[in-house]
S.K.: 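Below are the C-alpha cells for one structure; questions will follow.
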Number of protein chains: 2
Amino acid sequence: MPRMAKYQGPGLTELRRGVVEYCVMSLLSTEEMYGFQLVETLASHDGLVTSEGTMYPLLGRLNDAGLVNTNWKQEGSNRPRKYYSLTSAGVAALDAFRNDWARFRDTVDKVLSASGE
Amino acid sequence: MPRMAKYQGPGLTELRRGVVEYCVMSLLSTEEMYGFQLVETLASHDGLVTSEGTMYPLLGRLNDAGLVNTNWKQEGSNRPRKYYSLTSAGVAALDAFRNDWARFRDTVDKVLSASGE
DNA sequence: CATGATACCTTGTCTGACAAGGTTTGACTC
DNA sequence: GAGTCAAACCTTGTCAGACAAGGTATCATG
C-alpha cells in the first residue's frame, strides 16, 4: 500500500477547506495527539484528511496562532512524538466555529433542498 | 451602500469553497436566473456569496463544463440579461453532490461533536 | 449630459489541500 | 554493522476557488 489515501472524488478536496483545521482541534479537545496519529484518525476513519502534507502545515499554523501547544514525549522505545493539545484560545476558537458551522450547514442544506422557499 | 457584502468573518470564506457552485446549480434547478440575481439571492438571503467576482467566474466554469446553458433575454426596456439554466449533466452533477454533501456534513458533525466517537 | 443603478466581466491576491519528496529514528533482520 | 523497513517528522511546489478592486455597457432620471 503506497501511502494510502482513500480518494473521495475531485470536488471533495475543496469541501474540506476551512473545516479540517477545526476537526483537528475537536479531536485535540478530548485528548492530546501527535501528527501522524491525527492523519490516520481523520483519513482512515473519516476520510477528512488524505495526507501528511495537509496535516503538518496545518498544525504549524495552529501553533503559530496560539491555538495549540506542543510537547515532545518519548514512550517506551518508540521514537519521540510531538504531541499537540488545545490552548484555551483554541477551545474558544473551536466553540466559535461550531456555531459558524451549524449556521453554514443549515444554510447549505436549505439551498440544496431546493424548493424555492 | 458601497457594493454591500454582509461580511461573515474570515474563516467562512474557505468554508464556502466547493459549495457555492452547487448552491447556484440548486437554485437554477427550479428556475432560470441571471448572474446578478444569483449574487443578490445568495448574498443577501443566505450569506453564501459575497461578490460578483465570485459569481461570474463560477458561472463561466459551469458553462465550460457543460453543466449550464445560457441565453440572453431582453424583457421590456431592461438591459439584456444572460439567463442560466441547468443541463441534464448539471442535474446529474447536482444529484451526485447532494450525496457527497450529506456524507461530508454528517462526518463533520460527528467529529465536531467530539466525545471520542 | 451627468449621475446612478443595473448588469456584465476581468485581473490579481491569498489561502489551504495535496502530491511528491526528503529526513531521522528505532526495530528487526542478516 | 550494513541493509531494510516502518513510524514519524517536515518541506517544496502546484492548483483551485473565493474575493476585492476595478472596468465596461445600457438605460432611466434629473
S.K.: Evaluate the side-chain proximity of Ser29(A) to Leu94(A): yes if any heavy-atom separation is below 4.5 Å, no if none is.
M.R.: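 Leu94(A) reaches Ser29(A) side chain to side chain.
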S.K.: Looking at residues 32-39 of chain B, who's got a heavy atom less than 4.0 Å off DNA chain C?
M.R.: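 Close to the strand are Tyr34(B), Gly35(B), Phe36(B).
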S.K.: Measure the distance from CG on Leu59(B) to C1' on dA7(C) and round it to the nearest whole Å.
M.R.: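 In whole Å, dA7(C) C1' and Leu59(B) CG are 13 Å from each other.
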S.K.: Could you check how far OH of Tyr84(A) sits from P of dA8(D), rounded to whole Å?
M.R.: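 In whole Å, dA8(D) P lies 14 Å from Tyr84(A) OH.
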S.K.: How many angstroms lie between CG in Leu48(B) and OG1 in Thr41(B), if you round to the nearest 0.5 Å?
M.R.: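 Atom-to-atom, Leu48(B):CG and Thr41(B):OG1 are 11.0 Å apart.
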S.K.: Can you find a pair of side-chain heavy atoms, one from Leu112(A) and one from Phe97(B), that are under 4.5 Å apart?
M.R.: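 Contact flag for Leu112(A)/Phe97(B) side chains = yes.
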S.K.: Would you mind listing every side chain to side chain donor-acceptor pair (under 3.5 Å) that reaches into residues 81-94 of chain A, with sequence neighbours excluded?
M.R.: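 The answer is Tyr34(A)-Arg81(A), Glu75(A)-Tyr83(A).
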S.K.: With sequence neighbours left out, which residue pairs that include part of residues 55-73 of chain B fulfil the side chain to side chain donor-acceptor pair (under 3.5 Å) condition?
M.R.: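 Qualifying pairs, neighbours excluded: Glu32(B)-Lys73(B).
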S.K.: Can you name the atoms? Protein N/O to nucleotides 25-30 of chain D N/O, anything below 3.5 Å, with the distance.
M.R.:
{"unit_1": "dA25(D)", "atom_1": "N3", "unit_2": "Arg79(B)", "atom_2": "NH1", "d": "3.0"}
{"unit_1": "dC27(D)", "atom_1": "O3'", "unit_2": "Ser77(B)", "atom_2": "O", "d": "3.4"}
{"unit_1": "dA28(D)", "atom_1": "OP1", "unit_2": "Ser77(B)", "atom_2": "OG", "d": "3.1"}

S.K.: Tell me the interatomic distance from Glu40(B), atom CD, to dA7(C), atom P, rounded to whole angstroms.
M.R.: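 Between P of dA7(C) and CD of Glu40(B): 7 Å.
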S.K.: Measure from CG on Leu15(A) to C1' on dG16(C) and round the result to the nearest Å.
M.R.: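 Distance, rounded to whole Å: 14 Å.
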S.K.: Tell me which nucleotide among dA18(D), dA7(D), dC8(C) gets nearest to the side chain of Arg81(A).
M.R.: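 Nucleotide nearest to Arg81(A)'s side chain: dA7(D).
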S.K.: State, with a plain yes or no, whether a side-chain heavy atom of Arg98(B) is found less than 4.5 Å away from one of Ser26(B).
M.R.: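 Of all side-chain heavy-atom pairs linking Ser26(B) with Arg98(B), at least one is under 4.5 Å.
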S.K.: Would you kindly compare Leu58(B) and Tyr83(A) by the position of their nearest DNA chain D nucleotide and give the one closer to the 5′ end?
M.R.: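 The residue closer to the strand's 5' end, by nearest nucleotide, is Tyr83(A).
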S.K.: Can you check side-chain contact (heavy atoms from CB on, under 4.5 Å) on Val68(B) and Leu59(B), steps first, answer last?
M.R.: CA-CA 8 Å; Val68(B) 298; Leu59(B) 290 169; 5.7 Å; no
S.K.: Could you check how far CH2 of Trp72(B) sits from P of dC8(C), rounded to whole Å?
M.R.: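 In whole Å, dC8(C) P lies 6 Å from Trp72(B) CH2.
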S.K.: Go along nucleotides 11-17 of chain D 5' to 3' and tag each nucleotide: B for a protein heavy atom under 4.0 Å from its base, S when only backbone or sugar atoms are that close, - otherwise.
M.R.: B----BB
S.K.: How many whole angstroms separate atom NZ of Lys73(A) from atom P of dC9(D)?
M.R.: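 Whole-Å distance recorded here is 13 Å.
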S.K.: Check the distance between dC8(C)'s C1' and Asn63(B)'s CG and give it to me in whole angstrom.
M.R.: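 In whole Å, dC8(C) C1' lies 14 Å from Asn63(B) CG.
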S.K.: Given Leu15(A) and Arg17(B), is the side-chain contact (heavy atoms from CB on, under 4.5 Å) satisfied, shown in steps?
M.R.: CA-CA 6 Å; Leu15(A) 267 195; Arg17(B) 297 189 69 152; over 6 Å; no
S.K.: Side chains of Val24(B) and Met55(B), heavy atoms from C-beta outward: is any pair under 4.5 Å?
M.R.: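 Val24(B) vs Met55(B): side chains touch.
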S.K.: Return the CD to CG distance between Glu21(B) and Leu58(B), rounded to the nearest 0.5 Å.
M.R.: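 Going from the CD atom of Glu21(B) to the CG atom of Leu58(B) covers 5.5 Å.
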S.K.: Listed by chain and number, what are the side chain to side chain contact (heavy atoms under 4.5 Å, CB included) partners of Arg105(A), not counting sequence neighbours?
M.R.: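 Arg105(A) satisfies side chain to side chain contact (heavy atoms under 4.5 Å, CB included) with Trp101(A), Ala102(A), Asp109(A), Trp101(B), Arg105(B), Asp109(B) once adjacent residues are dropped.
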